[in-house]
Each structure stands twice: as structure tokens, then as C-alpha cells.
Amino acid sequence: MAYSFNLGTPINTALFAYILYSVHRIVFPSVSRPKSIPHEFKGGYSWMPKSHPPTVLFKTYTPKTLEPFHGKDGGRILLAINGIVFDVTAGRNFYGPNGMYGNFAGRDASRGMAKQSFDLEMLTPVDEPLDKLEDLKSDEIDNMKGWIEHFSNKYIVCGKLVNNDAL
């Protein structure tokens, strides 16, 4: 079965002309210079931030040192899950003083996240040792791990949480 190329049909002629034109544009591109400089760049770049965001250092927190980061008065919002401290300031609408997860701000939220409960009873008092979470069921532990993965992908890990007497 031999293929033949016939320029006698109009469709073949049109396709051949288009291919030649495309190859010519690729091999010999236009080198004309623009007549004017785009006006967007005359004043310099405008994408630079007005101020650099504050640097976040990895620190070791205790329940007492974590508590002031509750987000009231526009401050930073930190919360901990299973010993990992996250800076959730970017999610102020959720974790701020009036947010649906606001009671977790500045606290260890491990038990509440594991049990999917926002009750204040889920929070360990700041002057007591950290909750060891030994009574959690496997599905609750999996749930807590899911929250840790979610927070790790969305927020900055800024520290670890240890007992009050560990520092």
C-alpha cells in the first residue's frame, strides 16, 4: 500500500501551504522591536510587598508560654496538636477569638481535634501536665493524624509543645 501526495486537491494544497508558513515562522521568527516600553514597568516593579512578614523561629513552648498566643488584640495565633505547634494566624477567621475553633487558640488542641469536639472540656488546663491521649481509640488517633497532615500542608510549623516543667 503506497501513499501518494497529490497537490491537486484543494484541501491538500491548503494544508501544505499552512505547514510551509508555520515552519517558516518557526525557523525565521520576527525580530522587530516594540515601538514603546510597556507602561506597567516605567515606575519599577509593583509586586514587592510593602513590608516583609515577620520571621517565625522554631521554638519550644509549654502550655503556659503557648497560652498568650490566642489572637486577641490582633496578635499571633498558635495551637498545638500532639506536640506540634502551628502558626494559624493566617486562619484568623477560624482560630481567632470569634472563630469556630477559637477555643483552641493558644492551647493544646489534640484531644478536641481527635474527637471532633469544640467543647472546653477537651482542653487540658495550662497548669496541668500535657494530655497523654492514652484513652483515644484508633479512629480518633487517625482523625488527629489527619488534622496534623492538614495543618502541616496549610500552616507553618513553628515549634514543639512540652510539659511546663521541661524548660
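Not measured: the values here are computed from a predicted model.
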Are any non-hydrogen side-chain atoms of [X] and [Y] less than 4.5 angstrom apart?
{"X": "Met122", "Y": "Asn103", "value": "no"}
{"X": "Asp135", "Y": "Arg111", "value": "yes"}
{"X": "Thr62", "Y": "Val162", "value": "yes"}
{"X": "Pro63", "Y": "Thr124", "value": "no"}
{"X": "Val88", "Y": "Lys154", "value": "no"}
{"X": "Lys64", "Y": "Asp127", "value": "yes"}
{"X": "Arg107", "Y": "Val126", "value": "yes"}

Worksheet item: Can you name the residues that form a ring pair (Phe, Tyr, Trp, His ring centres under 6.0 Å) with Phe58, not counting sequence neighbours?
Response: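 Phe58: no ring pair (Phe, Tyr, Trp, His ring centres under 6.0 Å) contacts found.
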
Worksheet entry | Non-neighbouring partners of Phe69 that pass ring pair (Phe, Tyr, Trp, His ring centres under 6.0 Å), sequence neighbours left out |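 With sequence neighbours excluded, Phe69 shows a ring pair (Phe, Tyr, Trp, His ring centres under 6.0 Å) to Tyr61, given in chain and number order.
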
Nearest atoms (heavy-atom pairs only) where [X] meets [Y]:
{"X": "Val85", "Y": "Lys160", "result": "CG2-C, 3.7 Å"}
{"X": "Gly71", "Y": "Ile77", "result": "CA-CG1, 3.4 Å"}
{"X": "Met144", "Y": "Leu133", "result": "SD-CD1, 3.8 Å"}
{"X": "Ala105", "Y": "His70", "result": "CB-O, 3.5 Å"}
{"X": "Cys158", "Y": "Arg76", "result": "SG-NH2, 4.1 Å"}
{"X": "Ser110", "Y": "Asp108", "result": "OG-OD1, 2.6 Å"}

Roughly how far apart are [X] [atom1] and [Y] [atom2], rounded to 0.5 Å?
{"X": "Phe104", "Y": "Ile81", "atom1": "CZ", "atom2": "CD1", "value": "8.5 Å"}
{"X": "Arg92", "Y": "Asn98", "atom1": "CZ", "atom2": "CG", "value": "10.5 Å"}
{"X": "Asn164", "Y": "Thr65", "atom1": "CG", "atom2": "OG1", "value": "7.5 Å"}

For [X], is the [atom1] atom crowded, meaning more than 12 foreign heavy atoms sit under 6.0 Å from it?
{"X": "Leu20", "atom1": "CG", "answer": "yes"}
{"X": "Glu128", "atom1": "CD", "answer": "yes"}
{"X": "Asp139", "atom1": "CG", "answer": "yes"}

Connected via hydrophobic side-chain network under 4.5 Å: [X] and [Y]:
{"X": "Phe94", "Y": "Met113", "answer": "yes"}
{"X": "Met100", "Y": "Trp147", "answer": "yes"}
{"X": "Ile148", "Y": "Val157", "answer": "yes"}
{"X": "Ile156", "Y": "Phe151", "answer": "no"}

Practice prompt. Indicate yes or no for a side-chain donor-acceptor contact from Asp119 to the backbone of Glu121 under 3.5 Å, with no hydrogens or angles considered.
Written response: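 Not a single qualifying donor-acceptor pair exists.
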
Worksheet item: Is the backbone of Thr89 close enough, under 3.5 Å, to the side chain of Asp87 for a donor and an acceptor to pair up by distance?
Response: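 Between the backbone of Thr89 and the side chain of Asp87 there is a qualifying donor-acceptor contact (under 3.5 Å).
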
Fill in: Residues that, via side-chain heavy atoms closer than 4.5 angstrom, fall in one hydrophobic cluster with Phe28
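Listed partners: Ile19, Val23, Val27.
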
Practice prompt. Starting from the C-alpha separation in whole Å, work towards a yes-or-no answer on side chain to side chain contact (heavy atoms under 4.5 Å, CB included) for Ile141 and Lys137.
Written response: CA-CA 6 Å; Ile141 292 172; Lys137 299 175 192 153; over 6 Å; no

Discussion item. Here's a test for you: under ring-ring contact (aromatic ring centres under 6.0 Å, His included), which of Phe118, Tyr101, Phe86 qualifies with Tyr95?
Written reply: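 Per the ring-ring contact (aromatic ring centres under 6.0 Å, His included) rule, the option paired with Tyr95 is Tyr101, out of Phe118, Tyr101, Phe86.
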
